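Just below is one structure, and these are the notes that go with it.
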Amino acid sequence: MTAQAQNVLYVLSDGAYLSRDHDTVVVKVDGERRAQVPICQIEGVAVLARAGVSPELLGGLVDAGVFVSFFGYGGRLLARVDGIPGGNVLLRKAQVRASDNAAATLALARSFVIGKVASERGQVRRASRDGNGESAEVFGAAADRLAIFSRRALEADNLDELRGIEGGAAREYFQVFDRLLKTDEADLRFNGRSRRPPADPINAMLSFGYALLMRDCAAALAGVGLDPAIGFLHEDRPGRLGLALDVMEELRAPVVDRLVIALVNRRQIGAAHFRKFEGARWEMTHDGRRSFIAAYQAAKSDQIKHIFLEQNASWGLVPHLQARLLARTLRGDIIAYPPFQLK
C-alpha cells in the first residue's frame, strides 16, 4: 500500500519496489503496478516497509531535491538518501533560530501543551458520553476542569507558567484514569502517574508505550530534516530528544493511553504480563512487551481523520504529518503549528 500526504509518498507494503519511468515514480508490489506519481509533485519519499528503490530513481530524486527516508518496523530512522544539502540546512537553521527566540519558543510550546490537554480532555469526554451515573459525572467534571487548563495555556506568558499548567492538567487527567480501566485484577489498578520507577503495571505499560511513541516521533522529525534534540517545551539536555518529546505530547492520550486502556479492558494484557522487582519497580515481561508491540504496530494501520489537513490517514503516519506541519511552521509557510486533534 502507498499513501500520499503533504506531497510525501509513503511506502507501506512489504515487497514494494520503486523505480523510475521518465520523470515519474512507479511503485510495484510483487510485480504489480500500484501507483505512479510525477517526481515534480512530491517533496519526499518515506519507506516504512521492506521495500527497494532503484538506483536510477534515487539519482532522479536527488537531482530533483527530493530525499528518501527508510524506516525500520519499530519506526526507527535507518537511513536517508539526500543530495547536496540545501533546504534541510535552512530548515535546521530556522529551528535553531526559533529555539533561541523567546516568543517563537513560547508560541510553539503553547501549541504542544494545548494539543496535549485537548487530547486528554477528548479521552475523558468520550468516557463521560459512554458512561452513566456517577462515572459520567466524574468524567464530565474532569473534562470541564481540563477546559480551564486549556484556556490558561492560551494566556500563559512564559515557559515556566506553561509547564506548570501542563503538569496540572496531567494530574487532573490521571486522577480519573483508573476509572477508564475495566478489570477485576487488583494489580492492574492505577494509583497515579509514576515513572522512575513505574510503581505499578499500568505505569510500566504507559512508560513502555511512550518510549515507542517517542522513537516514532524522533524518526519522523529526522525524516523531514529537523533535529529531534532541539526542543521548545522541553529544555535542551545532553542525550534528551527534546523536540520528539514536544511532538509526542499531543499523541500520548490518543495513541498510547487509549491502547493501554483497550488492552486491559479486552483482557489482552493481564497481571501475568508484568513482574515486580526490588524497590517496588514494575516492568513488562518479554511476552508482555511482545504483545504490546504487536498491538501498537497493528494500531498504526487504524485510519483516523486529520482535522487540520482534512484527510484520512493511518495512526502510523500521524507523527510524520505533524513533523511536516512543524517544518512548514518553522519555514513560515503557515502561521502557527496546528497540534493534532481528533474530532
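The structure displayed is predicted, hence computed values, not measured ones. Below, each value reflects all heavy atoms present in this structure, side chains not excepted, and no hydrogens, waters or symmetry copies.
Separation of atoms CG (L206) and CG (L259) is listed at 10.0 Å; rounding is to 0.5 Å. Taken to the nearest 0.5 Å, the CZ atom of F174 stands 5.0 Å off from the CG atom of D257. Expressed to the nearest 0.5 Å, how far CG of L146 lies from CD of E172 amounts to 5.5 Å. Here the NZ atom belonging to K93 is positioned 15.5 Å from the CZ atom belonging to R331, to the nearest 0.5 angstrom. Taking CZ from R97 and OG from S99, the interatomic distance works out to 10.5 Å, rounded to the nearest 0.5 Å. To the nearest 0.5 Å, atom CZ of residue R92 and atom CG of residue L226 are 9.0 Å apart.
Residue R20 places its CZ atom among more than 12 non-hydrogen atoms of other residues, nucleotides or ligands, all under 6.0 Å distant.
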One pair to check against side-chain contact (heavy atoms from CB on, under 4.5 Å): I293 and Q297. What are the steps and the verdict? CA-CA 6 Å; I293 289 173; Q297 293 299 109; 4.1 Å; yes
The test is side chain to side chain donor-acceptor pair (under 3.5 Å); show your working for Q268 and H273 and say whether it passes. CA-CA 10 Å; Q268 290 177 258; H273 288 107; over 6 Å; no
side-chain contact (heavy atoms from CB on, under 4.5 Å) evaluation trace for V81 with F70: CA-CA 8 Å; V81 179; F70 294 88; 4.1 Å; yes
Run L221 and V247 through side-chain contact (heavy atoms from CB on, under 4.5 Å) and show every step you take. CA-CA 9 Å; L221 291 164; V247 172; 4.1 Å; yes
In sequence, state the C-alpha distance, the side-chain angles, and the governing distance for R110 and Y337, and then conclude on side-chain contact (heavy atoms from CB on, under 4.5 Å). CA-CA 10 Å; R110 183 182 287 122; Y337 172 72; over 6 Å; no
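In summary, of the residues considered (F308, F112, W315), a ring-ring contact (aromatic ring centres under 6.0 Å, His included) with F340 occurs for W315 alone.
Closest non-hydrogen pair, L188 versus I269, comes out as CD1-O, 3.9 Å. Across all non-hydrogen atoms, the minimal contact from T329 to P338 is OG1-CD, 4.3 Å. When every heavy atom of I202 is checked against every heavy atom of F190, the shortest pair comes out as CG2-CD1, 3.5 Å. For A147 against R121, the heavy-atom pair with the smallest separation is CB-NE, 3.4 Å. Closest heavy-atom contact between Q123 and A253: NE2-O, 3.3 Å. Between R34 and V29, the closest heavy-atom pair is CG-CG2, 3.7 Å.
Under the 3.5 Å distance criterion, the side-chain polar atoms of S111 are left unmatched by any main-chain donor or acceptor of P339. Proximity of a side-chain donor or acceptor of R252 to a complementary backbone N or O of K116 within less than 3.5 Å is not detected. For the pair T105 (side chain) and A98 (backbone), a donor-acceptor distance under 3.5 Å is present. Judged by distance alone, the side chain of E120 and the main-chain N or O of Y173 form no donor-acceptor pair under 3.5 Å. Side chain of R289 to main chain of D287: no donor-acceptor pair is present (N/O by atom type, distance under 3.5 Å, no hydrogens or angles). Side-chain N or O atoms of R324 include none that pairs as donor or acceptor with a backbone N or O of H320 at under 3.5 Å. Formation of a donor-acceptor pair under 3.5 Å by the D21 side chain with backbone atoms of T24 is not found in this model. Side chain of D246 to main chain of F232: a donor-acceptor pair is present (N/O by atom type, distance under 3.5 Å, no hydrogens or angles).
At least one side-chain heavy atom of H234 sits under 4.5 Å from a side-chain heavy atom of E249. Counting heavy atoms from C-beta on, the side chains of L61 and I42 come closer than 4.5 Å. Within the 4.5 Å cutoff, the side chain of V117 has no heavy atoms near those of the E166 side chain. Residues L326 and L108 are in side-chain contact: their nearest non-hydrogen atoms beyond the backbone lie under 4.5 Å apart. Within the 4.5 Å cutoff, the side chain of L106 has heavy atoms near those of the L159 side chain. R193 is listed as a side-chain neighbour of N203, based on a closest heavy-atom distance under 4.5 Å. In this structure, the side chains of H306 and L317 stay at 4.5 Å or more apart for every pair of heavy atoms. Taking the side chain as every heavy atom from C-beta outward, D200 and F274 never approach each other to under 4.5 Å.
Hydrophobic clustering of Ile, Leu, Val, Met, Phe, Trp and Tyr side chains at less than 4.5 Å, counting indirect connections, keeps V26 apart from L57. With hydrophobic clusters built from ILVMFWY side chains whose heavy atoms lie under 4.5 angstrom apart, L251 shares a cluster with M205. Put simply, I165 and I114 are part of two different groups of oily side chains (I, L, V, M, F, W, Y) that touch within less than 4.5 Å, one to the next. Both V11 and L58 belong to a single network of hydrophobic side chains, linked directly or stepwise wherever heavy atoms of I, L, V, M, F, W or Y lie under 4.5 Å apart. Transitive grouping of hydrophobic side chains (ILVMFWY, heavy atoms separated by less than 4.5 Å) keeps I148 and V124 in distinct clusters.
Ion pair D187/K276 not flagged as a salt bridge, since none of the NZ, NE, NH1 or NH2 atoms sits closer than 4.0 Å to an Asp/Glu carboxylate oxygen. Ion pairing of R189 with D178 is present here, as a side-chain N (NZ or NE/NH1/NH2) and a carboxylate O approach within less than 4.0 Å.
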